[in-house]
Protein chains: 2
Amino acid sequence: MEVSDRNKIFNDLVFTDEEINIINSVFQKINAKKGAIILNAGDIADAQYYIVSGCMRTFHTDEEGKEYTLQFGISDWWVSDYTAFFTGDKAILTVEAIQDSTLYRISKEDKEYLFTQIPKIDTFFRIKLEKAYTAFQKRILINLSKTAKQRYLNFIETYPKIEKSIKNYHIASYLGITTESLSRIRKELS
Amino acid sequence: MEVSDRNKIFNDLVFTDEEINIINSVFQKINAKKGAIILNAGDIADAQYYIVSGCMRTFHTDEEGKEYTLQFGISDWWVSDYTAFFTGDKAILTVEAIQDSTLYRISKEDKEYLFTQIPKIDTFFRIKLEKAYTAFQKRILINLSKTAKQRYLNFIETYPKIEKSIKNYHIASYLGITTESLSRIRKELS
DNA sequence: GAAATTTCTTAACATACATCAATATTTTAC
DNA sequence: GTAAAATATTGATGTATGTTAAGAAATTTC
């Protein structure tokens with residue numbers, strides 16, 4: 001792993017040379033082409049991924065084949081099916097690259113090894129988890145309380161950098177509406 | 001804290017006498033009467049609460065005074081406005097007892113002290129957080145993909161023990177529908 | 001750079017759920 | 001146990017969003 005990437009991931013943490021060696025040994029760099037799937041629903045989610053650049057999407061597919069986007073992930077976000085990652089159950093989410101993306105992969109096993117070797121990383125990941133929890137709480141309240149138009153405006157705020165490069169139907173599946181409805185909302189707003 | 005309560009909270013963890021003393025010193029037993037508010041939106045959320053018995057509700061109130069129920073909490077659950085608890089921001093959630101409830105309170109400060117004194121408790125709380133995250137992920141996907149009737153059926157599954165004792169309008173505010181709509185759904189199902 | 005494919009928009013109509021208003025039922029207070 | 005208050009139901013009507021279908025626009029492929 002390059003120094004700049006390590007600093008980007010663990011920004012304010014300082015490591016010894018030995019710790020740096022350990023970190024380098026557990027992260028694997030991955031180039032995911034647009035359309036590539038890095039985790040498939042039904043598989044074991046035995047890794048999580050740090051996004052250096054690009055854009056990822058995690059979504060659930062129901063019995064009828066309809067897709068529901070749980071999250072978009074951009075630079076400096078972590079992605080996986082965390083529910084499956086934590087529980088050991090099979091993934092119900094698929095994680096795909098919707099732009100060419102560069103990622104770092106760490107397996108669940110290596111992450112646990114990392115915790116034993118560099119205890120402060122435990123705290124680092126706990127804070128990430130707290131933030132992820134917080135984001136989900138916010139999302140639930142917005143879904144309960146806001147109209148589709150308000151949710152769309154909130155989406156633009158949440159993802160200002162990528163909003164224009166994400167396909168309409170992916171945004172719609174994130175908002176819980178059809179692509180036609182989103183089209184109408186966009187028209188009203190313009 | 002009574003032995004039985006400590007075992008209930010930390011079921012499979014084993015503590016030394018000294019650790020037990022520390023635990024006893026940081027948890028405060030609270031009896032909350034039906035209707036009591038233990039955390040108010042706008043306040044600092046400097047504690048979290050373990051529910052021994054009873055039923056709690058966490059909800060958000062919007063500018064118009066409409067309430068949106070984020071969660072019901074029953075025996076063996078933890079409640080707070082975790083977003084506020086983690087970030088230090090003011091609470092946007094209110095936590096109220098909807099039945100007479102017995103709780104144990106632990107302050108944020110004491111919880112951090114507990115982590116330093118009994119490191120394995122850190123892992124215990126991390127797993128709780130993972131489960132809470134998982135529950136929220138599930139909730140988001142259900143809200144995106146299911147009709148009100150399906151969400152109501154899912155609610156009954158999720159809260160089978162308390163479903164009958166929770167007010168209709170509280171359930172409705174959890175499902176994101178009006179009390180009238182819930183009434184009609186119930187009629188259809190009966 | 002033209003053809004093929006994918007994505008987005010528009011329109012007509014359908015449906016789920018909201019709103020408003022009235023009444024019925026249950027719970028609480030004295 | 002009765003009156004008052006709170007909660008739940010029902011009906012009529014409104015609205016946001018879904019569905020189906022067609023065509024327009026953008027992107028990809030060769």
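Note on naming: letters A, B, ... go to the chains in the order of the sequence lines (proteins, then strands), and numbering restarts at 1 for each one. We use all heavy atoms of the structure for the numbers below, so side chains are in, but hydrogens, waters and symmetry mates are not.
Between the side chains of B:Y152 and B:R186, a donor-acceptor pair is found at a separation under 3.5 Å.
As rounded to whole Å, 11 Å separates atom P of C:dA18 from atom CG of A:L144. Between the CD atom of B:E188 and the C1' atom of C:dC17 there is a distance of 11 Å, given to the nearest Å. In this structure, B:N143 atom CG and C:dA16 atom C1' are separated by 16 Å, rounded to whole Å. The CG atom of A:L175 sits 10 Å away from the P atom of D:dT17 (whole-angstrom rounding). Between the OH atom of A:Y169 and the P atom of C:dC8 there is a distance of 7 Å, given to the nearest Å. As rounded to whole Å, 15 Å separates atom P of C:dT25 from atom CG of B:N168.
Ring pair B:F125/B:W78: centre-to-centre distance below 6.0 Å.
Remark on DNA chain C: of its neighbouring residues B:I185 and B:E180, the 5'-side contact belongs to B:I185, judged by nearest-heavy-atom nucleotide. If B:K187 and A:K66 are placed on DNA chain D by their nearest nucleotide, the residue sitting closer to the 5' end is B:K187. When each of B:L182 and B:K167 is assigned the nucleotide of DNA chain C with its nearest heavy atom, B:L182 is the one assigned upstream, toward the 5' end.
Ring planes of A:Y82 and B:Y133: perpendicular class, angle over 60° (limits at 30 and 60°).
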*asked:* Could you walk me through whether A:R126 and A:E130 satisfy the salt bridge (Lys or Arg N to Asp or Glu O under 4.0 Å) test, starting with their C-alpha distance in whole Å, then the side-chain angles of each, then the deciding distance to 0.1 Å, before giving a yes or no?
replied: CA-CA 6 Å; A:R126 197 183 70 217; A:E130 288 175 356; 3.6 Å; yes
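Scanning atom types as modelled, no donor and acceptor separated by under 3.5 angstrom connect the side chain of A:R186 and the base of C:dT10.
Rounded to 10 degrees, the angle separating the terminal axes of the helix from C:dG1-D:dC30 to C:dC30-D:dG1 is 60°, with each axis obtained from five end pairs.
Listed for the B:T102 side chain is no donor-acceptor partner under 3.5 Å among the backbone atoms of B:N31.
For A:K146, no side-chain nitrogen or oxygen approaches OP1 or OP2 of D:dA16 to under 4.0 Å.
Of the candidates C:dC17, D:dG18, D:dA12, the closest approach to any side-chain atom of A:T178 belongs to D:dG18. Distance from the side chain of A:S181 is smallest for D:dT17 among the nucleotides D:dT17, C:dT9, C:dA18.
When each of A:K90, A:R105, A:K108 is tested with A:D46 by the rule salt bridge (Lys or Arg N to Asp or Glu O under 4.0 Å), just one qualifies, namely A:R105. Here the rule is salt bridge (Lys or Arg N to Asp or Glu O under 4.0 Å) with B:E96, and of B:R57, B:K33, B:K167 only B:R57 fits it.
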